[in-house]
2 protein chains.
Amino acid sequence: MLRTVTMKDIAEECGVSLSTVSLVLSHSPRISEPTRKQVMETCERLGYQPNTHAQNLALRASSRTLCVVLPDLTDIFSDPYVGLLLNGIYATADEHGYQVSILRATSRFLRKREHFNLLKSHRADGLLFVASSLYDQYLVDLDGHNIPVLLVNSIFPDAAIRYVAADHKAAGRMAAEHLARLGHRHVGVVMGTNIQTQVDLIEACGEALVDCGVPADQTIWMDGRFNEDFARKAARQILQENPCTTAILTTSDKMAAGVLADLHEAGVSVPNQVSVMGIDNLPASAHLCPALTTIDLHLTQIGSRACERLLAIVKEGEKPCEELRPVHLVERASTAPPPAAMATKKKAPAARKKKKKP
Amino acid sequence: MLRTVTMKDIAEECGVSLSTVSLVLSHSPRISEPTRKQVMETCERLGYQPNTHAQNLALRASSRTLCVVLPDLTDIFSDPYVGLLLNGIYATADEHGYQVSILRATSRFLRKREHFNLLKSHRADGLLFVASSLYDQYLVDLDGHNIPVLLVNSIFPDAAIRYVAADHKAAGRMAAEHLARLGHRHVGVVMGTNIQTQVDLIEACGEALVDCGVPADQTIWMDGRFNEDFARKAARQILQENPCTTAILTTSDKMAAGVLADLHEAGVSVPNQVSVMGIDNLPASAHLCPALTTIDLHLTQIGSRACERLLAIVKEGEKPCEELRPVHLVERASTAPPPAAMATKKKAPAARKKKKKP
DNA sequence: TTGAAAGCGCTAACAC
DNA sequence: GTGTTAGCGCTTTCAA
């Protein structure tokens with residue numbers, strides 16, 4: 001085991017006082033070169049490492065740590081959406097010499113209102129909330145307290161909490177326009193609505209669709225859980241309800257993968273019969289079959305930017321922050337013009353093998 | 001901002017001494033009920049929260065924190081492989097009331113040998129290394145020091161470091177046997193060899209293939225980087241080198257996704273013309289087209305188990321740990337018997353459109 | 001049952 | 001230049 005060596009040990013070993021050692025270690029200029037050298041060397045030799053707790057205590061100061069709070073889902077870390085955000089957060093925290101600590105908003109966490117305690121107990125200098133949903137009503141508490149807190153790629157409508165998020169309205173519009181431009185007139189949308197940014201996205205999408213001349217009643221909206229399984233079922237149902245559907249838009253790449261899988265199973269060819277589009281641009285989406293057309297939310301950048309803004313708040317104090325970041329269309333193989341028969345405005349009889357609902 | 005309230009504040013407010021407050025908070029039985037109540041209530045009212053640094057310092061003790069060290073790859077968090085391991089680690093740490101802190105082995109980290117410092121500075125009670133490769137020679141240092149360290153799903157051949165890992169040899173054997181059982185006689189293997197467990201896996205796989213009657217010279221081995229892009233190229237090359245190939249095994253699901261994408265692009269039907277198989281069983285693999293046959297390494301469980309073992313070491317001291325965990329075949333749609341023409345032992349002339357290597 | 005006091009390892013005035 | 005000293009907020013004997 002590593003025996004703990006303290007400043008006192010160094011001082012004794014060198015025959016100097018505690019404060020001399022302290023001064024050397026804090027790079028004070030008013031220390032003679034020989035003493036400095038001797039002390040440094042002894043530290044090296046004995047493997048001295050300051051006790052962080054003592055240091056933080058004496059500095060009555062920050063632990064130079066940011067906390068990321070994740071929802072308490074057992075599989076939260078294996079979600080690449082979260083991962084991308086974390087990539088950015090870590091990179092930026094690192095650059096600024098900050099540690100980051102990831103916590104989950106378990107029921108215990110919420111009961112004890114740990115988000116406050118983290119700050120009070122000096123375990124964190126600031127808090128980043130990632131992937132929080134509209135259900136996370138505890139966030140409302142954060143409003144007003146002027147606490148160094150920031151939401152990463154989410155928005156909380158009921159409270160004035162800082163955020164950095166992708167411009168989801170732009171994303172929704174962009175997706176709608178892309179599909180409309182290709183000629184799609186019957187689209188199905190698979191979405192989750194438990195997150196404000198999603199709500200914004202689909203609202204903008206709906207409007208844009210109408211603006212582009214797609215009659216509102218030709219669009220089917222399927223609302224449900226944010227995973228592949230729901231998406232699979234939703235895809236099937238959309239094609240049953242309206243066999244004329246030539247495009248399915250999902251509000252996440254993860255769901256798009258589910259749709260793709262379902263269509264593959266059902267023998268529906270993508271993009272020849274049906275186009276599929278996602279939102280997020282996860283790394284894996286480029287390697288789906290076919291490669292997925294999507295809107296790049298630049299999640300890593302959002303994480304990075306969020307961390308930057310939070311750090312500014314931590315260091316310089318109170319500041320509002322409501323930053324919407326640009327998004328971009330990534331066109332790949334999963335979208336194409338609708339099949340000829342479908343492209344016409346008049347509802348052509350569908351030549352598809354999907355069986356109708358009994 | 002939150003004003004810091006200390007034990008002293010509570011003591012004064014209640015008109016008792018500091019130590020009384022301390023005793024109350026540590027649930028000492030020798031405190032009168034009225035005092036206890038009064039103190040507790042005041043803590044509640046004033047929102048008292050102990051200063052962790054002071055506490056840790058006084059306890060000259062653990063910070064009840066485990067550190068996870070990840071390789072310094074910018075996209076490390078969005079890798080679901082890592083995510084699954086983290087899921088397990090976090091769940092278990094939580095259960096035991098431990099925090100976890102994730103660090104990246106940046107060059108600065110290595111230069112300063114932070115893995116030692118984390119322990120010395122009491123920022124961590126134990127260390128978990130995740131996704132480390134054979135290149136991470138700094139791990140060799142860990143040997144001998146009897147430090148609370150454990151490798152998660154990796155093995156380091158040059159040093160005696162504790163580990164909990166999937167039984168990769170079993171996985172290799174299982175995969176080989178599955179393909180052989182289906183009747184495949186010409187298989188291509190796409191692999192990475194910068195990780196000991198991978199080396200073990202492919203060795204076992206190669207032996208099993210031969211044992212099952214697949215002549216060694218009918219197997220093509222492609223070694224390279226651990227990502228989709230390499231896998232895509234490798235797949236193409238395998239089919240060029242041996243158009244008789246009826247099955248491609250990759251040593252990770254991620255690479256399998258790349259192979260699937262490449263075959264899709266090349267118009268090769270999976271599993272009708274070529275079977276594809278992965279290793280890991282990532283959540284997304286069930287939603288690939290077609291759904292991927294793979295070996296489940298139970299990564300979440302490995303993370304969980306690794307954390308458990310480390311915790312035992314932290315609490316009870318030195319213990320060796322070399323634990324190999326069972327793995328299981330997950331049969332899905334991407335594997336099937338080879339096409340009839342290929343199944344015969346005699347090399348039938350290939351009726352495939354892939355062009356031969358010149 | 002409660003209080004006083006020492007000490008955890010470090011920082012930062014201030015004195016020499 | 002270097003040493004002395006008083007905290008930082010908490011735990012924990014030991015006394016009262």
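Below, chain A is the first sequence line, B the second, and so on; all start at residue 1. None of the values given here were measured: they were computed from a predicted structure.
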>> Do A:S63 and A:N56 pair up side chain to side chain, a donor and an acceptor below 3.5 Å, judged on atom types alone?
In response: no

>> We want to know whether A:S22 and A:S19 form a side-chain donor-acceptor pair, criterion being a heavy-atom distance below 3.5 angstrom.
In response: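 There is no such pair between these side chains.
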
>> Determine whether B:R108 and B:T106 satisfy the following criterion, side-chain hydrogen bond (donor to acceptor under 3.5 Å, both in side chains), listing intermediate values before the conclusion.
In response: CA-CA 5 Å; B:R108 202 177 56 75; B:T106 59; 5.0 Å; no

Looking at residues at least two apart in the chain, or sitting in another chain, which of them share a salt bridge (Lys or Arg N to Asp or Glu O under 4.0 Å) with [X]?
X      : result
B:E44  : none
B:D75  : none
B:R305 : B:E308, B:E323
A:K319 : A:E316

> Counting only non-hydrogen atoms, which of residues 28-37 of chain A are less than 4.0 Å from DNA chain D?
Replying inline: A:R30, A:I31, A:S32, A:T35

Is there side-chain contact between [X] and [Y], with heavy atoms separated by less than 4.5 Å?
X      : Y      : result
A:P71  : A:I76  : yes
A:N117 : A:K112 : yes
A:Q196 : A:F156 : no
A:M40  : A:R36  : yes
B:F109 : B:H115 : yes

> Who passes side chain to side chain contact (heavy atoms under 4.5 Å, CB included) against B:A166, sequence neighbours left out?
Replying inline: B:N153, B:H168, B:L297, B:I302, B:V327

Going by atom type alone, with no hydrogens or angles, which donor-acceptor pairs under 3.5 Å involve a side-chain atom of residues 132-143 of chain B and a protein atom two or more places apart or on another chain?
from, atom 1, to, atom 2, distance (Å)
B:S132, OG, B:S154, OG, 3.4
B:S133, OG, B:Y135, N, 3.0
B:D136, OD2, B:S133, N, 2.7
B:Q137, NE2, B:L134, O, 3.3
B:D141, OD2, B:R113, NH1, 2.8
B:D143, OD2, B:A160, N, 3.0

> Got a sec? Which of residues 8-24 of chain A come in under 4.0 Å of DNA chain C, heavy atoms?
Replying inline: A:S19, A:S22

>> How bent is the helix from C:dT1-D:dA16 to C:dC16-D:dG1, measuring the angle between the end axes built from five pairs each, rounded to 10°?
In response: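 Here the helix ends are tilted 40° relative to one another.
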
> So where does chain B start and stop touching DNA chain D, 5' to 3', when the test is distance under 4.0 Å to a non-hydrogen atom?
Replying inline: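 The contact span of chain B on DNA chain D goes from D:dG9 to D:dC14.
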
Contacts table for residues 91-101 of chain A: side-chain donor-acceptor under 3.5 angstrom, sequence neighbours left out:
from, atom 1, to, atom 2, distance (Å)
A:T92, OG1, A:G88, O, 3.2
A:T92, OG1, A:S304, O, 3.4
A:T92, OG1, A:S304, OG, 2.7

>> With heavy atoms of chain A within less than 4.0 Å as the criterion, where does contact along DNA chain C begin and end?
In response: C:dG9 to C:dC14

